[in-house]
Amino acid sequence: MFNKGYLTPVQIAAINAFAISLLVGLANFFFVHNWWIALLTFLILFLISYLLIRYFTERFIYRHIKLIYKFIAQTKATKREEFFNKSVLPEKSLQEVSAEVEEWAEQKKQEVEQLQQNEQYRKEFLQNLSHELKTPIFAVQGYVDTLLSGAMNKEEVARKFLLNTSRNIERLVNLVGDLDEISKLESGQLQLQKQNFIIQELVEDIFESLSIKATEKNIKTSIKKGCELPIAVYADKEKIRMVLINLVDNAIKYGKQNGHIIFSAYKTTNDLVLIEISDDGYGIAEEHLNRIFERFYRTDLARSRKEGGSGLGLAICKHIIEAHGKSIHVRSTIDVGSTFGFTLDSKSRTAA
Ligand code: ADP
């Protein structure tokens with residue numbers, strides 16, 4: 001900070017001392033005509049003025065930056081550390097102080113950037129959220145108003161409107177549930193309860209619980225051939241259940257009539273298990289692939305809304321997998337299908 005393009009106190013002292021000593025040395029030679037005495041005067045004067053100028057320059061600069069430094073040190077050090085710094089340690093050199101100030105400034109810059117990012121994120125989140133809430137609430141309001149203003153008397157119409165109302169309320173319930181989940185995950189309250197369990201058993205459970213929804217579209221669910229042998233993983237079973245439910249539910253929602261959802265699991269060489277859910281549905285265009293794990297990001301808004309999606313499912317999956325120290329990924333081709341995959345630790349030998 002102080003020596004980028006500026007002279008250091010050492011350089012200032014040397015230049016000034018040189019200029020003074022040279023002048024006095026030359027004057028001396030001019031009057032005395034003895035170059036030995038002139039040289040000696042030059043050297044002694046150079047040494048004394050260099051030391052004095054350097055000492056006073058450093059003191060002057062140090063006193064001025066001390067105030068700033070004091071403020072920085074106060075915000076960084078505890079009272080005990082401050083006492084130790086002041087009374088026990090030798091006084092810091094200008095270079096050390098300048099390095100600390102630079103480090104402090106860099107740290108503050110990063111903090112400000114982080115705060116700006118959080119602010120932007122908060123704004124976007126609120127915008128998205130109010131948009132997500134508005135649509136079903138206005139729809140419900142519309143149906144109820146129409147029912148009250150006479151439609152209630154026509155049974156067929158009333159039934160249709162009530163069904164639509166119920167569907168919109170279901171969307172709101174899904175949204176509030178997912179919001180609750182994501183806010184817990186993002187506030188760092190997630191405590192993983194890891195245990196050993198067989199991943200195939202969990203998947204069978206999930207296929208079973210979503211079988212009615214799958215049958216409505218005549219979608220088949222199965223475990224890939226060769227992946228039937230039980231594989232034990234070490235993870236938070238309930239959280240992984242949530243991830244798999246989201247992925248299988250999406251595969252049904254964005255899957256075609258008479259489609260097929262396949263689960264596979266492979267043990268990798270480094271004690272990891274690769275888990276994949278593949279579908280032969282509508283697929284995702286390449287430009288969306290790196291954004292679909294963002295909150296409220298959808299590639300097909302109309303279909304997501306129709307299916308009661310909150311747009312938070314994949315963001316929740318990402319949080320959970322990242323909390324396990326792993327990552328989630330996707331491969332997809334439009335009209336061919338999608339594969340979502342993530343890794344987990346394989347069975348722990350120490351845990352029960
Ligand atoms: P949503 O509640 O809208 O399903 P998600 O976060 O679960 O929200 O998914 C985000 C978006 O990713 C979806 O709206 C959809 O556009 C796309 N998507 C997710 N899974 C699939 C899939 N298996 N096939 C095609 N598109 C998918």
Side-chain angles (χ1 to χ4, degrees), residues 121 124-125 127-129 131-133 135-136 167-187 189-190 192 199 202-203 205-207 209-214 216-217 219 221 235-256 259 261-263 275-285 288-324 326-332 337-344:
Y121 158 77
E124 275 172 22
F125 188 77
Q127 260 170 13
N128 286 329
L129 183 60
H131 186 75
E132 293 298 325
L133 287 169
T135 324
R167 199 172 307 135
N168 277 287
I169 288 176
E170 191 188 316
R171 264 184 66 190
L172 278 171
V173 171
N174 285 347
L175 178 62
V176 172
D178 282 355
L179 271 175
D180 189 37
E181 197 55 45
I182 208 155
S183 65
K184 267 193 245 152
L185 291 169
E186 292 192 348
S187 64
Q189 284 173 21
L190 179 62
L192 293 181
I199 192 75
L202 181 65
V203 168
D205 234 31
I206 289 162
F207 280 164
S209 66
L210 290 171
S211 61
I212 298 178
K213 201 167 177 182
E216 279 168 14
K217 273 183 152 174
I219 290 179
T221 54
D236 185 323
K237 189 174 178 184
E238 289 318 305
K239 295 287 176 218
I240 298 302
R241 183 191 297 277
M242 204 181 284
V243 171
L244 286 168
I245 288 181
N246 266 316
L247 296 182
V248 177
D249 188 51
N250 277 351
I252 300 172
K253 282 195 303 200
Y254 308 107
K256 292 178 187 161
I261 298 171
I262 301 173
F263 162 86
I275 292 155
E276 291 192 331
I277 298 284
S278 304
D279 64 60
D280 49 3
Y282 297 103
I284 303 162
H288 299 297
L289 283 181
N290 56 354
R291 296 206 55 194
I292 56 168
F293 293 100
E294 290 174 21
R295 284 165 242 88
F296 299 118
Y297 192 87
R298 280 122 160 171
T299 61
D300 185 340
L301 188 58
R303 187 168 289 134
S304 164
R305 290 246 161 94
K306 186 171 147 259
E307 300 285 350
S310 69
L312 292 171
L314 288 179
I316 291 176
C317 294
K318 186 169 180 267
H319 268 296
I320 295 177
I321 298 302
E322 284 178 356
H324 281 80
K326 304 289 181 296
S327 58
I328 184 164
H329 54 265
V330 56
R331 307 189 296 275
S332 189
S338 315
T339 297
F340 285 82
F342 58 92
T343 48
L344 288 178

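Model, not experiment: these values are computed from the prediction.
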Worked verdict on Glu132 versus Arg295 for salt bridge (Lys or Arg N to Asp or Glu O under 4.0 Å): CA-CA 11 Å; Glu132 293 298 325; Arg295 284 165 242 88; over 6 Å; no
Any Glu322 side-chain heavy atom under 4.5 Å of Phe293 side chain: no
pair Leu247-Phe342: side-chain heavy atoms closer than 4.5 Å: yes
Heavy-atom pair with the smallest gap, counting every atom of Ile252 and Ala214: CD1-CB, 3.9 Å
Salt bridge (Lys or Arg N to Asp or Glu O under 4.0 Å) partners for Glu238, two or more places apart: Arg241
Atom pair CG/CZ of Leu202 and Phe263 - distance to nearest 0.5 Å: 8.5 Å
Interatomic distance, Thr339 atom OG1 to Asp280 atom CG [nearest 0.5 angstrom]: 10.0 Å
Nearest non-hydrogen partners of Ile328 and Lys318, listed with the distance: CG2-CA, 3.9 Å
Any side-chain heavy-atom pair of Lys239 and His319 under 4.5 Å: no
Euclidean distance, Ile261 CD1 relative to Phe207 CZ, rounded to 0.5 Å: 6.5 Å
Separation between CG of Asp249 and CG of Leu244, rounded to the nearest 0.5 Å: 12.0 Å
Asp236 versus His324, closest heavy-atom pair with distance: N-NE2, 3.0 Å
Shortest non-hydrogen separation from Pro136 to Asn168 and the atoms involved: CA-OD1, 3.5 Å
Pairing residues for Glu124 by the side-chain hydrogen bond (donor to acceptor under 3.5 Å, both in side chains) criterion, not counting sequence neighbours: Gln120
Inter-residue atom distance Ile284.CD1 - Ser338.OG, 0.5 Å rounding: 4.0 Å
Gap separating the NZ atom of Lys256 from the CG atom of Asp279, nearest 0.5 angstrom: 9.5 Å
Contacts of type salt bridge (Lys or Arg N to Asp or Glu O under 4.0 Å), residue Lys237, not counting sequence neighbours: none
Validation row: Ile206, Leu210 side chains within 4.5 angstrom (heavy atoms): yes
Heavy-atom closest pair, residues Ser332 and Gly337: OG-O, 3.1 Å
Parallel, tilted or perpendicular: rings of Phe296 and Phe125 (30°, 60°): tilted
Considering all heavy atoms, the nearest Ile316-Glu181 contact: CD1-CB, 3.9 Å
